[in-house]
Structure formats: structure tokens, C-alpha cells
Amino acid sequence: MLQLQYIRDNKEEVIARLSVKNIDAKSSIEKILEIDSDRRKVQNELDTLLNEANILAKQIGELMKAGKKAEAEDMKNRSGALKETAKKLEDTLKGHEDDLQKTLVLLPNIPYKLVPKGKTPEENETVFTHGEIPILPQTAQPHWDLITKYDLIDFELGVKITGAGFPVYKNRGARLQRALINFFLDRATAAGYMEIQPPILVNEASGFGTGQLPDKEGQMYHVGVDNLYLIPTAEVPITNLYRDVILKASQLPVKNCGYTPCFRREAGAWGAHVRGLNRLHQFDKVEIVQLAHPDNSYAILEEMREYVAGILKELELPFRILRLCGGDMSFASAMTYDLEVYSGAQKRWLEVSSVSNFESFQSNRLKLRFKEAEGKPQLAHTLNGSALALPRIVAALLENNQTENGIRIPKALVPYTGFEMIN
RNA sequence: GGAGAGAUGCCUGAGAGGCCGAAAGGAACAGUUUGCUAAACUGUCGUACGAGUCAAAUCGUACCGAGGGUUCGAAUCCCUCUCUCUCCGCCA
């Protein structure tokens, strides 16, 4: 949620920058400012009225003590009248506040100045590439065939016990999952991220805090009886750890990481390009989260991007980094880098990580603030990134590393898998 | 799932219709003292919104789990909800 004060002070700039996300915000912004000015007017009236009532109440108390009952009665009547007017004003104020909130919550975050204008993924900007695109022999197989060949994952069994998009990992496929999770967590903790094991069901307030609710509830699985949501990413529980918290400036940056399964309904997203591990309802991911001082959150974004790139290098996967254009960015993000690995047999780039700076957009909803030694609390910046999402990493590893003798495990991973080849 | 107790500031904890935005202690921060550490002493020590200002100072309003109600006046009385704790049952 954007800060009201910022919109008030920078109306034209906000409209101009939202247009980079292809949003015409002129009318909503004007509506917001109008409601806001009404709201302030009403609050002013109400405060004056309540002030009178408070003074009156004190005087009545004193008159009662002094035994001047008749005078007190007279004042009681006046107080009663004040109260009635106050009640009406309170309702009006509440109405304005609700309207304001409703409109404000629907405005997406303002893109950072480096974000290119654009509507489709084709307009994303490639800022970095690493590694050679592998040229595989004609006989090279896509990962879904390799998975069957080496009996690593059983999709049909998943359908049987749950449904499509819920794979069952087996044998060295299961072991590879565990290896990757441990590898990712070890790297993250070594880089100073404190490991968290959060709940994977969250309440409504948490869903709201990170921006999944009220707008995108369709993407989450909902447990109706207890009104809880299965998390689509560890970002939700981990960032919400700091909801309603005021940190000391000296505690920044806060660095957390966590492994969780992630659940996505992906309603309507099924179709082409989703075979095998490309898109799932349940998958594993290690997430990194940072809470940063606004002065250096973009330096931290770069640091996080470098960190994820480093892991991909260790895994010996060719990858590229995209700076997402306005139209491809998420609702809450101010700037996002996508990291994509090249999957040799599918001959496609697969998104394996998304690293974003949300600036104060989430923290405004979360009331996540920090305080300098002097001065008022201010909103912290939140950032997060996948480091990494497993399924597409597995897909690329299988496809790129296939040989006649089996699939080669990258060196960095061997201590975790305990085997060098899948064969 | 059954029975009972409770929810007050960063923490502990008083407060039981007006003198309470809230005692006291602790923590934290700043200063004094000190060769250093410790101790002692002094001070500061909630948040939001509004008014005000270049910015402050300052002023107003609200907030004692949440939402309603009673009253001229509510942390305090009443109702509803949520959560926590204890005991019993069940259980990885």
C-alpha cells in the first residue's frame, strides 16, 4: 500500500510512474485525495467537538462535587447534544476511512526509476548472462522423460493421491530434493541469513500484510473451516513475523531465510509449457528475506541478486538475469529481477528466482517500522528472493547434465546427494 | 473436546467510575562520576491521526486484546468475539 502522505505530496509523479506499469491511476489518485481532504475536515470538526465534551464532563464532575445539581443538569443536556452530533461525525469519518483504505489498497506499487516501460515479458531487459547455452545431441530428452527413465518422480501417483500438479518424488529424485534444500539453506545461513521454519498455513492478516489478500486470494488454497491459507511462498509467513514491529535502526538489515513447501492454485494457468516440473501446485523453495533501511535497499537488492547468481554458478547452470518491465512486475514490487536458467532439451529459459524490492509497500500494510535513536518511527523496506525454487532447477539439471551414462550431479551438490551420477 | 483463570506500555506489574496515557520496578538510551569494568546518581523513555511550522516547539483527539453498550464522564461496569494460560481427555 502506498503511503498517503507521499501521494499527497507527489500527486503528478505518482500518476506518471504508475503509467510505467500501464496503470492509469489519475482518477483513483484524485478520488483518494478528495476523500482524504474530506476525512481531515471531518476529523477536525469531530476533535473540536469531543474536546468540548471532555471539558464539559470535567466541569460537570466539579459541579456535582460542589453540590450544584441544577447547573450540572443543564450542562448534561448540552453534553448530550454534543454527543449526538459527534456520533454522526464519527460515522462519516469511519466511512471516509474505509473508502480511503479500499481505494488505496487497490493501487499497485510505484516502479523504481530503473524499471523499463513495457507490457509483455518480451520487453523485460536482460542485464546479465552467464554460461554457454548447452548444445545437446539430437537424442537428448526433456526432463519428464528422464524422470521416467530413472524413476525419479511419479506424477501419476501424485494424481492418484491428490491431483495433477502434486508430484511424488522417489529414489534419487527424493534424495535430490533433500540435497538441494540443504545446499540452499547452508549457503543462505553462511551468507548471514538466519534460518526460520515458519508455519505453512497463515491467517488472513498475514495474507493481507504481504499483499496476497484481498486481491489475489484465487492463487492460494484456502482451508475453510479455520479460515487459513496455505502459503504460496515463505515470503508470507517470514515477512509477517515482523508485522506491527518497530525495530531499532541498528538492527537493520534483518536477514532471514527459510525452506517451505509452496502451494499455488494457478487457476486457469494450465495449458502449454506446463509439462513435467515446469509448473506445479506444490513445490519446494528456499526463500531469502531482508528488512532494510530505505537508504540502502537498492544496494541490498543487488546484493541479493548477486547471491542468487552465485548459487546458480555453483550449480553450473547457464542463466540470465532480467530486469522486469513495468507490465510484467507484480502488484507489490518496485523493482524485480528474474533469474532464468536455460533448460537444454526444452530449449527454454525457466524462471527459477524472482528477487524484488517492495520498498515500503508491504511494510505500510504490515506496520513494519524502524526507529533511529532520534526521531519518529519510519517504514522499513522489505525485499525477498527465491534462493531457490527447486522444480525448474531440477528440470535444468536433468536436461543439461544428461549423458549416455546417466545424469551428472554438479560438484557442489555431490556432498549433499552422496552420489555423482543418476543412472 | 470438557472445566476454570486471565489479556494494561519494550518486560514485570499496580490501578476497581472523574485527580489515569496510566503508579512502581526492570530493560533500553543520553549524561555525570570513574584509570577500565561494575556500581551509583540525573534525565529521557508509547503509537496513530488532525491542527500548527520551512522544520520544530506546541495544541487537540483516539488508543489499557477487538467490537458494541451503560454514563455528563470508562483501563475500571455490562454484552459479544478473539486469543493466552492452568487442569482433565486425546495424541506425533
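Below, all heavy atoms of this structure are taken into account, side chains as well, without hydrogens, waters or symmetry copies. Quick caveat, the model's predicted, so the values are computed rather than measured. Convention: sequence-line order gives letters A, B, ...; per-chain numbering from 1.
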From B:U47, B:G60, B:C72, pick the nucleotide closest to the side chain of A:A57?
-> B:C72
Under a 3.5 Å cut-off for both distances, is B:C83 Watson-Crick or wobble paired, and to whom?
-> B:G6
Pick the C1' atom in B:A23 and in B:A16, then give their distance to the nearest Å.
-> 15 Å
Considering only atom P, compute the distance from B:U53 to B:U37 and round it to an integer number of Å.
-> 47 Å
Determine the Euclidean distance between corresponding P atoms of B:G15 and B:A7; express it in Å to zero decimal places.
-> 11 Å
With nearest nucleotides of RNA chain B determined for A:G61 and A:L46 from heavy-atom distances, which residue corresponds to the more 5′ nucleotide?
-> A:G61
Just the table, please: protein N/O against nucleotides 49-57 of chain B N/O, every pair under 3.5 Å.
| from | atom 1 | to | atom 2 | distance (Å) |
| --- | --- | --- | --- | --- |
| B:C49 | O3' | A:R39 | NH2 | 2.6 |
| B:C49 | O2' | A:Q43 | OE1 | 2.3 |
| B:C49 | O2' | A:Q43 | NE2 | 3.1 |
| B:C49 | O2 | A:Q43 | NE2 | 3.0 |
| B:G50 | OP1 | A:R8 | NH2 | 2.8 |
| B:G50 | OP1 | A:R39 | NH2 | 3.0 |

Regarding the side chain of A:K83, the nearest nucleotide among B:U61, B:A28, B:U71 is B:U71
Base, sugar-phosphate, or nothing for A:N77, non-hydrogen atoms under 4.0 angstrom?
-> nothing
Rounded to whole angstrom, note down the P distance from B:G9 over to B:C63.
-> 15 Å
Checking all strands, does A:K367 fall into the base, sugar-phosphate, or nothing category for heavy-atom contacts under 4.0 angstrom?
-> nothing
Taking the six-membered ring of A:Y337, is NZ or CZ of A:R305 closer than 6.0 Å to its centre and within 45° of its axis?
-> yes
Nearest-nucleotide pick for A:P377, side chain only, options being B:A62, B:U47, B:C72 = B:U47
Could you go through the side chain to side chain contact (heavy atoms under 4.5 Å, CB included) check for A:V394 and A:Q177 one step at a time?
-> CA-CA 8 Å; A:V394 171; A:Q177 292 291 112; 3.6 Å; yes
Check whether NZ of the Lys or CZ of the Arg A:R172 lies under 6.0 Å from the centre of the six-membered ring of A:F419 and within 45 degrees of that ring's axis.
-> yes
Given the P atoms of B:U61 and B:A74, what is the spacing between them in whole Å?
-> 13 Å
Would you give the length of the straight line joining atom OG1 of A:T148 to atom CD of A:E156, rounded to the nearest 0.5 angstrom?
-> 7.5 Å
Could you check how far CD of A:E90 sits from C1' of B:C63, rounded to whole Å?
-> 13 Å
Is B:A30 paired to anything, Watson-Crick or G-U wobble with both distances less than 3.5 Å, and if yes, which nucleotide?
-> B:U42
Taking C-beta and beyond as the side chain, do A:H143 and A:L277 meet within less than 4.5 Å on heavy atoms?
-> yes
Where each residue is assigned the nucleotide of RNA chain B containing its nearest heavy atom, which of A:K58 and A:G80 is assigned the position nearer the 5′ end?
-> A:K58
If the P atom of B:A75 is compared with that of B:A92, how far apart are they to the nearest Å?
-> 49 Å
Classify the nucleic acid contact of A:K87 as base, sugar-phosphate or nothing, counting any heavy atom under 4.0 Å across all strands shown.
-> sugar-phosphate
Between B:G69 and B:C64, how far apart are the P atoms? Round to whole Å, please.
-> 15 Å
Expressed as a whole number of Å, how far does the C1' atom of B:U42 sit from that of B:U34?
-> 16 Å
Ring centers of A:Y259, A:F184 separated by less than 6.0 Å = no
Please round to the nearest 0.5 Å and tell me the distance separating atom CG of A:N278 and atom CH2 of A:W144.
-> 6.0 Å
Nucleotide nearest A:K371 when distance is taken to its side chain, options B:U47, B:C72, B:G60 = B:U47
